[in-house]
*Asks:* 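Below is one structure. I have some questions about it.
Each chain gets a letter, A, B and so on, in the order its sequence line appears, and its residues count up from 1. Keep in mind that what you see is a predicted model, and the values were worked out from it rather than measured.
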There are 2 protein chains.
Amino acid sequence: MAIDPESGPPLSTLTTDAEREDVREVADILARKWSLEVLTQLQQDGPYRFNELKRQLGVTPKVLTDCLRELTETGLVERTVHSESPPHVEYDLAERGYELQQIAAEMAAWTGAADAAPTVLVVDAAVPTNVRFSGWLSEGYTVERVSEIAHLSGEQLERADVVLCHHHQLLDDRTDLLDRLEDGSTAAGVVHVTDHRQSLATHDRAVELVEPVLKDELLQAVRTLLPDGAGPERAESSSATDRREERSR
Amino acid sequence: MAIDPESGPPLSTLTTDAEREDVREVADILARKWSLEVLTQLQQDGPYRFNELKRQLGVTPKVLTDCLRELTETGLVERTVHSESPPHVEYDLAERGYELQQIAAEMAAWTGAADAAPTVLVVDAAVPTNVRFSGWLSEGYTVERVSEIAHLSGEQLERADVVLCHHHQLLDDRTDLLDRLEDGSTAAGVVHVTDHRQSLATHDRAVELVEPVLKDELLQAVRTLLPDGAGPERAESSSATDRREERSR
DNA sequence: CTGAATCCTTTAAGATACTG
DNA sequence: CAGTATCTTAAAGGATTCAG
């Protein structure tokens, strides 16, 4: 398991089935299409009536009914019936609904932080090499590892800003992802690590390094491949949203 | 995450659609039936091979394949192909998978904390009364509010240790939940608040209070209705798991 | 105004059998 | 050993219509 030992272990583990079941119940609500929309809307604009909310979110009545029923039953939203004429119903955020949004905000911050740090995908280095490279990159970068480039998924490649791989891997079974890596049609830059110089840098977003590779050499190579010199020291300045927009263009 | 409302408002709000979408993606994974099982299993017992994991969890191969594919594509699990003979495949927790479990643990702690504090359900007090009662109870109790007892859901009643309601509400439209409240067949105790004494305490888990109700009077009444004198000062001692077992018997 | 009732489509999950 | 292929079921989301 790839946990860096230097950080003191908070190591809260989900040991019991009951705990995991609790998490699944909470996550199930957050995963529903309209739950968070309703919660944030209620938090921002105080109480809402049914049709107000319906118009605001652009959701069909059945779905909103289902959603609000679940949220009130789980104590995240308060439903108040006002009997004055004309009678109406108000929905407002409950204390637990507020608390849940704080947790949701942590989740967003977590993914945001990973998006903000450039991601380096280390492909199939032998274990000692892998550990060495990962250690060098662990500050300032999000590091992912993949055993064989043949099994690389499109999603992983999309998350990567730089792919770091041993050259011999690039000679094996061809895949379309591999082709895209070599012809430079991916957003990610490529660092080839080879045992002997082979002049493989086939496009301007590819760099070749020959073993033995030094730490500064690797970091420098990675840095040149990031968009306009954005590196770990500048990673903090670009928000998660900025990077998301960058990547989805 | 211990969110105490009296601390200055961290008030992280989920303002953008992108943030809510991120949360939904993460929550969707946690809500899946086997994701957390796989993650905790990998965390506890190092790397696993496919069939090992399959036997351990008692899951069909298709479902495990789907689950592992999603977890590796999202970078939570590392998949390593060992080509020595006999060749085999290993799955292990990735750094992000470890981080996600920390968040999951916070979610479990959050629901656990709510379970650990006795829950008082305040039914349909007029707004000023409601605020007054809720304020008195806010330390040491989880407080929920419901506007009309007629709309009380079974789930809410099950979460409640004590139901605090105005007596006139109990005379209106009958529901089965209301019957259960009055005949004492619910786990929850009942505090009736009336304007004039009416001798309504029909069972030993019901208490009648006459306005004006004093803070100490209310807190004392609530305390007598909790199982064997467990109150807010003892709430910390009983773990979330203990209370869950209590309630599900 | 606030939903309930109906119908349709998609997807997770499980069971079962089969393959490189 | 490590999956894939097929089929079935159940629940969620959505559109539309109807009702208290």
Side-chain angles (χ1 to χ4, degrees), chain A residues 20-21 23-38 41-42 47-74 77-92 147-148 150-151 153 173, chain B residues 20-21 24-38 41-42 47-74 77-92 146-148 150-151 153 173:
Chain A
R20 289 190 286 267
E21 191 48 40
V23 172
R24 238 158 59 77
E25 278 174 27
V26 176
D28 185 53
I29 292 177
L30 289 178
R32 293 260 218 294
K33 190 160 188 180
W34 296 104
S35 305
L36 256 186
E37 305 296 326
V38 168
Q41 197 65 42
L42 290 180
Y48 265 94
R49 294 161 64 157
F50 185 86
N51 280 337
E52 270 179 339
L53 202 49
K54 173 175 163 307
R55 276 189 299 274
Q56 191 73 28
L57 301 177
V59 64
T60 61
K62 171 191 178 296
V63 174
L64 184 56
T65 301
D66 292 349
C67 180
L68 287 172
R69 194 196 311 283
E70 169 152 51
L71 292 177
T72 57
E73 284 181 356
T74 52
V77 162
E78 283 176 28
R79 177 185 189 273
T80 310
V81 180
H82 293 267
S83 304
E84 319 96 57
S85 62
H88 64 279
V89 183
E90 275 188 351
Y91 294 91
D92 202 356
S147 66
E148 286 190 13
H151 297 112
S153 75
D173 19 332
Chain B
R20 290 191 286 266
E21 192 47 40
R24 240 159 57 78
E25 277 174 28
V26 175
D28 184 54
I29 291 176
L30 289 178
R32 292 262 218 298
K33 191 162 190 178
W34 298 103
S35 304
L36 256 187
E37 305 296 326
V38 167
Q41 197 64 42
L42 290 180
Y48 266 93
R49 293 159 66 154
F50 184 87
N51 281 336
E52 271 180 338
L53 202 49
K54 173 175 163 308
R55 275 189 301 273
Q56 191 73 27
L57 301 176
V59 63
T60 60
K62 170 191 177 296
V63 174
L64 184 56
T65 302
D66 292 348
C67 180
L68 286 173
R69 194 193 310 281
E70 169 152 51
L71 293 177
T72 56
E73 284 181 355
T74 52
V77 163
E78 282 176 28
R79 177 184 190 275
T80 310
V81 180
H82 294 266
S83 303
E84 318 95 56
S85 62
H88 64 280
V89 181
E90 274 187 351
Y91 293 91
D92 201 354
V146 162
S147 66
E148 286 190 12
H151 296 112
S153 75
D173 21 331

*Asks:* Has B/Thr80 got a side-chain atom pairing as donor or acceptor with A/Ser147's backbone, closer than 3.5 angstrom?
*Replies:*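 Not confirmed, B/Thr80 side chain does not pair with A/Ser147 backbone.
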
*Asks:* Can you measure B/Lys33 atom NZ to C/dT11 atom P for me and round it to whole angstrom units?
*Replies:*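 Computing the B/Lys33:NZ to C/dT11:P distance gives 20 Å.
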
*Asks:* May I have the distance from B/Arg32 (atom CZ) to C/dA12 (atom P), rounded to whole angstrom?
*Replies:*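 Spelled out: CZ on B/Arg32 to P on C/dA12 is 5 Å.
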
*Asks:* Check the phosphate of D/dA2 against B/Arg49, side-chain N and O only, distance under 4.0 Å to OP1 or OP2. Yes or no?
*Replies:*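 Looking at the OP1 and OP2 atoms of D/dA2, one of them is under 4.0 Å from a side-chain N or O of B/Arg49.
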
*Asks:* Taking the side chain as every heavy atom from C-beta outward, state whether B/Val59 and B/Val38 have any atom pair closer than 4.5 Å.
*Replies:*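 Side-chain contact under 4.5 Å: no.
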
*Asks:* Could you give the CG-to-C1' distance, from A/Asn51 to C/dA4, as a whole number of Å?
*Replies:*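 So the two atoms are 14 Å apart, to the nearest Å.
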
*Asks:* Closest-nucleotide mapping onto DNA chain D: is B/Arg55 or B/Lys62 further toward the 5' terminus? I mean the 5' end.
*Replies:*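 The residue closer to the strand's 5' end, by nearest nucleotide, is B/Arg55.
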
*Asks:* Within the 4.0 Å heavy-atom criterion, would you say B/Lys54 contacts the bases, only the backbone, or no part of the nucleic acid?
*Replies:*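 No contact at all - B/Lys54 keeps every heavy atom at 4.0 Å or more from the nucleic acid.
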
*Asks:* Taking atom C1' of D/dG3 as reference, at what distance in whole Å does atom CG of B/Leu68 sit?
*Replies:*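 For the pair B/Leu68 CG and D/dG3 C1', the rounded distance is 11 Å.
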
*Asks:* Would you say that A/Leu64 contacts A/Trp34 through its side chain, given a criterion of any heavy-atom pair below 4.5 Å between the two side chains?
*Replies:*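 No, too far: nothing below the 4.5 Å cut-off.
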
*Asks:* What nucleotide among D/dG14, D/dA2, C/dG14 has an atom nearest to a side-chain atom of A/Val63?
*Replies:*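 Nucleotide nearest to A/Val63's side chain: D/dG14.
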
*Asks:* A/Phe50 side chain: which of C/dT2, C/dG14, D/dA2 is closest?
*Replies:*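 Of the candidates, C/dT2 comes closest.
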
*Asks:* Rounded to whole Å, please give me the gap between CG in A/Asp66 and P in D/dA11.
*Replies:*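 Roughly 13 Å, once rounded to whole Å.
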
*Asks:* Measure CG/A/Leu53 against C1'/C/dC1 and give the value in whole Å, please.
*Replies:*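 My rounded result for the distance is 14 Å.
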
*Asks:* What is the nucleic acid contact for B/Thr65, judged by heavy atoms within less than 4.0 Å: base, sugar-phosphate only, or nothing?
*Replies:*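 The residue B/Thr65 makes base contact.
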
*Asks:* The side chain of B/Arg69 lies closest to which of these nucleotides: D/dA15, C/dT2, D/dT4?
*Replies:*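 When the side chain of B/Arg69 is considered, D/dT4 is the closest of D/dA15, C/dT2, D/dT4.
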
*Asks:* Given D/dT17, D/dG3, D/dC1, which nucleotide is nearest the side-chain atoms of B/Pro61?
*Replies:*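 Closest of the options to the side chain of B/Pro61: D/dG3.
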
*Asks:* So does B/Trp34 get a side-chain nitrogen or oxygen closer than 4.0 Å to the phosphate oxygens (OP1/OP2) of C/dA12?
*Replies:*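 It does not, given that no N or O in the side chain of B/Trp34 lies less than 4.0 Å from OP1 or OP2 of C/dA12.
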
*Asks:* Taking atom P of C/dT2 as reference, at what distance in whole Å does atom CD of A/Gln56 sit?
*Replies:*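 About 14 Å, once rounded to whole Å.
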
*Asks:* Side-chain N or O of A/Tyr91 versus OP1/OP2 of C/dG3: is the shortest distance under 4.0 Å?
*Replies:*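 Yes, within the criterion.
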
*Asks:* Could you check whether the rings of A/His88 and A/His82 sit parallel, tilted or perpendicular, using 30° and 60° as the cut-offs?
*Replies:*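 Parallel, since the angle between the ring planes stays under 30°.
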
*Asks:* In whole angstrom, give the distance that lies between atom CD of A/Glu90 and atom C1' of C/dG3.
*Replies:*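 Taking CD of A/Glu90 and C1' of C/dG3, I get 17 Å after rounding.
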
*Asks:* Between B/Asp28 and B/Arg24, is there a side-chain N and carboxylate O pair less than 4.0 Å apart?
*Replies:*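 Looking at B/Asp28 and B/Arg24, the cut-off is not met.
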
